[in-house]
2 protein chains.
Amino acid sequence: MNLELTPVQTVACCSPLSGEPLSASEAEGIAPLLKALADPVRLRLMSLVASHEGGEACVCDLNGAFDLSQPTISHHLKILHAAGLLEREKRGVWVYYRARTDALASLAALIGGHSK
Amino acid sequence: MNLELTPVQTVACCSPLSGEPLSASEAEGIAPLLKALADPVRLRLMSLVASHEGGEACVCDLNGAFDLSQPTISHHLKILHAAGLLEREKRGVWVYYRARTDALASLAALIGGHSK
DNA sequence: CGTAAATATTTACACTCATCTATGTCTTAA
DNA sequence: TTAAGACATAGATGAGTGTAAATATTTACG
């Protein structure tokens, strides 16, 4: 049994910023999610994946969109995956990433939500 | 005449992540906003200010909530203010901060919004 | 098997950042 | 004018981060 919270559970834990003050541990759970998003390359990666047809994109689709080395893109994808913002599925030689829209929605509710 | 975009305008520029792919310059405009939020202390500061009675809080209210030095809190408040997430107003000896709920709402719409 | 292609890992490095201590500025009051 | 309190700035330091080069891993296909 796993006592760790998934990132989605972590961010779904709390009332919005404008509601109750966040506890220290809640904030420490949520900050890594925002940190993962808080990079121009990773923002574009999320956007490219989320808006790609079929809701998914393989790394080969993503590498070309940046003026960065392939390992660097791979590194950013790993961070987004570790944060729970991207799902990873290997099909043959290719790896497909899919956006966790539920995690994004929870995060959005936390940031912009109104207390009832 | 000022050609710089305010942070709120910056984040209000774009369709949500799941809509059109973000351009490089859009992503570079938005990432600093997320970066400002992507710290446990700053998340709690935003939450404390936003949920404080009257929608504002003075630094004296905030310092006590953390086990950090006063200059460190001041530093974080400066970052949030520079990002456009907090308004600053000096009244007498005290400085009051107020959350830019419009900026938070725009950010939330960008992250979690659906492309109609 | 051997080769090529797609993606990940490792290592190294420059750079940024969170924090502290010390000090400065500004405001109010005595 | 002096003193005290609230908040900001400056400088220093140790930890973290984005990037590239080199290398490894995995899969498909002759």
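Each chain gets a letter, A, B and so on, in the order the sequences are listed, and its residues count up from 1.
Contacts between residues 36-55 of chain A and DNA chain D, defined by a heavy-atom separation under 4.0 Å, are made by A:D39, A:R42.
Between the C1' atom of C:dT28 and the CZ atom of B:R91 lies a distance of 17 Å, rounded to the nearest Å. The interatomic distance linking A:F66 (CZ) with D:dG18 (C1') rounds to 14 Å, in whole Å. For A:L86 and C:dA8, the CG to C1' distance is 15 Å, given to the nearest whole Å. One can place CG of A:D67 at 13 Å from C1' of D:dA20, the figure rounded to the nearest angstrom. In this structure, B:H76 places its NE2 atom 13 Å from P of D:dA8, rounding to the nearest Å. Remark: P of C:dC20 and NE2 of B:H75 are 12 Å apart, rounded to the nearest angstrom. With rounding to whole Å, B:K90 atom NZ is found 12 Å from D:dA6 atom P. If you measure from atom CG of B:D61 to atom P of D:dG5, you get 18 Å, rounded to the nearest angstrom.
Close to D:dT19, at under 4.0 Å from its OP1 or OP2, lies no side-chain N or O of A:S69. Using a 4.0 Å cut-off, no side-chain N or O of B:K35 falls inside it from OP1 or OP2 of D:dT17. For the OP1/OP2 pair of D:dT9 and a distance below 4.0 Å, the side-chain nitrogens and oxygens of B:K78 include at least one atom meeting the criterion. A sub-4.0 Å separation between OP1 or OP2 of D:dC7 and a side-chain N or O of B:S74 is absent.
Between B:V49 and A:L17, every side-chain heavy-atom pair lies at or beyond the 4.5 Å cut-off.
Here the options are B:L43, B:D61, B:L62, the test is side chain to side chain contact (heavy atoms under 4.5 Å, CB included), and the partner is B:L48; only B:L62 passes. Partner of A:S69 under the side chain to side chain contact (heavy atoms under 4.5 Å, CB included) criterion, chosen from A:I73, A:D67, A:T72: A:T72.
The hydrophobic cluster containing A:Y97 does not contain A:I79, counting ILVMFWY residues as joined when their side-chain heavy atoms lie under 4.5 angstrom apart, directly or transitively. A:W94 and A:L77 end up in different hydrophobic clusters when Ile, Leu, Val, Met, Phe, Trp and Tyr side chains are linked at under 4.5 Å.
Of the candidates C:dT7, C:dT27, D:dC7, the closest approach to any side-chain atom of A:Q70 belongs to C:dT7. Minimum atom distance to the side chain of B:P71 is reached by C:dA22, of the listed D:dT19, D:dC7, C:dA22. Closest to the side chain of B:R88, from the set C:dC20, D:dC7, D:dT19, is D:dC7. For A:I79, the side-chain atoms get nearest to D:dG18 when compared with the rest of D:dT19, C:dA8, D:dG18. Looking at the side chain of A:V93, the nearest of the listed nucleotides C:dA6, D:dA10, C:dT9 is C:dA6.
Closest-nucleotide positions on DNA chain D for B:W94 and A:W94 were compared, and the one nearer the 5' end corresponds to B:W94.
Atom-to-atom distance recorded for A:H76:NE2 and A:L45:CG is 7.5 Å, nearest 0.5 angstrom. Expressed to the nearest 0.5 Å, how far CE of B:M46 lies from OG of B:S51 amounts to 10.5 Å. Here the straight-line distance linking atom CG of B:L107 with atom CG of B:L33 works out to 6.0 Å at 0.5 Å rounding.
Side chains of A:H81 and A:R88: no donor on one and acceptor on the other come within 3.5 Å.
When heavy atoms are screened at a 4.0 angstrom cut-off, A:Y97 is found touching the sugar-phosphate backbone but no base atom. Within the 4.0 angstrom heavy-atom criterion, no nucleotide atom of any strand lies near B:I73.
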Give the dot-bracket string for DNA chain D, reading 5' to 3', where a pair is Watson-Crick or G-U wobble with both distances under 3.5 Å, ( ) marks pairs inside the strand, [ ] marks pairs crossing earlier ones, | marks a partner on another strand, and . marks unpaired.
||||||||||||||||||||||||||||||
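A cation-pi arrangement is present between A:R91 and A:Y96 under the rule of less than 6.0 angstrom and at most 45 degrees off the ring axis.
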